[in-house]
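First listed ligand is number 1; within each ligand, the first listed atom is number 1.
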Amino acid sequence: MNRLDFEGRTAVVTGGAAGIGLAVARRMALSGARVALWDLDARALAAAAVGLGHGALTHTLDVTDPHAVERATAATAKEFGRIDALVCSAGIAGPNHPTWEYPVDDWKRVFDINVNGVFLCNRFVVPVMMKRDYGRIVNIASIAGKEGNPNASAYSASKAGVIGLTKSIGKELAKTGIRVNCVTPAAVRTAIFDQITPQFIEYMLAKIPMGRFGTVDEIAAMVAWLASEDCSFSTGAVFDLSGGRATY
Ligand SMILES: NC(=O)c1ccc[n+]([C@@H]2O[C@H](COP(=O)([O-])OP(=O)(O)OC[C@H]3O[C@@H](n4cnc5c(N)ncnc54)[C@H](O)[C@@H]3O)[C@@H](O)[C@H]2O)c1
């Protein structure tokens, strides 16, 4: 593992109790960052924090709850004295259905977590970053947001929303010391696979020219760099992590 320089830096990772978020948190902690994990799953959070060192914090919260996100932001900023990086990884896949059969409640839940949750975390953490005129935000979108996966319209549309949000806020903050980017991974085997059908998993694998899934560590490597000081001239940008699937 290449060690980035996160000495003295602090980071919030939503969805940090598992999967991609946890891999990002580990990589940043191993590079010297103090990390706060924000996640819905209290038990997984407690297990995840073990071994992160550097005085890791955990907050059990639902990213769709504005008051909870505001409280966690204030508590993290108070404990750390600053928030240098925010990685928004909390997300769900939602079920697989054709759009005309998609359960309306599932559609709303996917949007609430994947789009509104990212908005709320960006919304409340940016003012903390502005006080020091420094910050790095990485929102986890998906290749589905660029291409539109069949039978996953809620997920695809929500991730297109994350891309649009990232582009807007990146431009809004371009003259500041805060950079906001997103990544668009293809499929990576994590617990999120439990939410989708075996046929859909086969479909996603077949679309990847490398012929394999990505790994959480491969995603974490790029995300950690985007969350570091070295990422200085990229903002409002979309970074590919798709084993050759993305064509733009
Ligand atoms: N794994 C993939 O194939 C893949 C591909 C592209 C993008 N992504 C995106 O990467 C991100 C992480 O996915 P993952 O594969 O690590 O999934 P995961 O299920 O392993 O982890 C997601 C984490 O988010 C948390 N979470 C879910 N809803 C939440 C809420 N309302 N509030 C707070 N925390 C909540 C879960 O408890 C879990 O710990 C997601 O945004 C996902 O859409 C994943």
Determine, considering heavy atoms only, which of Val118, Asp112, Ile192 sits nearest to atom 17 (O) of ligand 1.
Ile192

Identify the closest protein heavy atom to atom 35 (C) of ligand 1: which residue and atom is it, and at what distance?
Ala90 CB, 3.7 Å

Purely on distance, is any nitrogen or oxygen of Asp62 under 3.5 Å from one on ligand 1?
yes

Atom 33 (C) of ligand 1: of Thr14, Leu61, Val87, the nearest heavy atom sits on Leu61

Salt-bridge present (Asp62, Arg109; N to O < 4.0 Å)
yes

Just wondering, do Ile196 and Met204 contact through their side chains at under 4.5 Å, heavy atoms?
yes

Please say whether Gly21 places an N or O atom under 3.5 Å from an N or O atom belonging to ligand 1.
no

Salt bridge present between Asp106 and Lys108 (N-O < 4.0 angstrom):
no

So, does Ala141 sit close enough to ligand 1 that a heavy atom of it is under 4.0 Å from the ligand?
yes

Quick one: does Val126's side chain get under 4.5 Å of Ile169's, heavy atoms only?
yes

For Ala18, the atoms of ligand 1 under 4.0 Å from one of its heavy atoms are 20 (O), 39 (O)

Flag Ile20 as yes when one of its N or O atoms lies below 3.5 Å from any N or O atom of ligand 1, and as no otherwise.
yes

Would Thr190 count as a polar contact of ligand 1, with the cut-off being nitrogen or oxygen pairs under 3.5 Å?
yes

If the cut-off is 4.0 Å to any non-hydrogen atom of Gly19, which atoms of ligand 1 fall inside it?
16 (O), 20 (O)

Nitrogen or oxygen of Ser142 less than 3.5 angstrom from that of ligand 1
no

Charged N to carboxylate O below 4.0 Å: is that the case for Arg136 and Glu229?
no

If I apply the N/O under 3.5 Å rule, does Lys159 come out as touching ligand 1?
yes

Side chain, backbone, both or neither: the part of Val63 lying under 4.0 Å from ligand 1 by heavy atom:
both

Are the side chains of Met130 and Ile178 in contact, using a 4.5 Å heavy-atom criterion?
yes

When only distance counts, is Tyr155 in polar contact with ligand 1, meaning an N/O pair under 3.5 Å?
yes

Between Ser228 and Asp230, is there a side-chain donor-acceptor contact under 3.5 Å, judged purely by atom types and distance?
no

Nearest non-hydrogen protein atom, atom 37 (O) of ligand 1
Asp39 OD1, 2.6 Å

Quick one, Phe193 with Phe213, criterion ring-ring contact (aromatic ring centres under 6.0 Å, His included). Give me CA distance, side-chain angles, the key distance, then yes/no.
CA-CA 12 Å; Phe193 274 33; Phe213 295 120; 5.2 Å; yes

Atom 9 (C) of ligand 1 has as its nearest protein heavy atom Ile140 CG2, 3.6 Å

Indicate yes or no: does an N/O atom of Leu40 lie under 3.5 Å from an N/O atom of ligand 1?
yes

Arg9 to Phe80, cation-pi by 6.0 Å centre distance and 45° axis angle:
no

Nearest non-hydrogen protein atom to atom 22 (C) of ligand 1, with distance, is Gly91 O, 4.0 Å

Nearest-neighbour protein heavy atom for atom 11 (C) of ligand 1, which is reported as residue plus atom name and distance:
Ser89 O, 2.9 Å

Flag side-chain contact, heavy atom, 4.5 Å: Val183 against Met222
yes

Return a yes/no value for Trp38: is any of its N or O atoms, backbone included, closer than 3.5 angstrom to an N or O of ligand 1?
no

Under 4.0 Å between a side-chain nitrogen and a carboxylate oxygen: does that hold for Glu147 and Lys159?
no

List ligand 1 atoms under 4.0 Å from Phe193, heavy atoms only on the residue side.
3 (O)

Can Thr166 and Asn139 be said to form a side chain to side chain donor-acceptor pair (under 3.5 Å), step by step?
CA-CA 7 Å; Thr166 302; Asn139 296 320; 3.2 Å; yes

Given Thr60, Ile113, Val188, which has its nearest heavy atom closest to atom 1 (N) of ligand 1?
Val188

The side chain to side chain contact (heavy atoms under 4.5 Å, CB included) partner of His59 among Val69, Thr76, Leu37, Val12 is Thr76

How far is atom 6 (C) of ligand 1 from its nearest protein heavy atom, and which residue and atom is that?
Pro185 O, 3.3 Å

Go through the steps to decide whether Asp240 and Ser242 satisfy the test side chain to side chain donor-acceptor pair (under 3.5 Å), and finish with yes or no.
CA-CA 6 Å; Asp240 168 55; Ser242 69; 2.5 Å; yes

Neighbour count above 12 (heavy atom, 6.0 Å) for Asn2 CG:
no

At under 4.0 Å between heavy atoms, which part of Ala186 makes contact with ligand 1: side chain, backbone, both or neither?
backbone

I'd like to check which ligand 1 atoms, numbered from 1 as shown, lie under 4.0 Å from a non-hydrogen atom of Gly15.
23 (C), 24 (O), 25 (C)

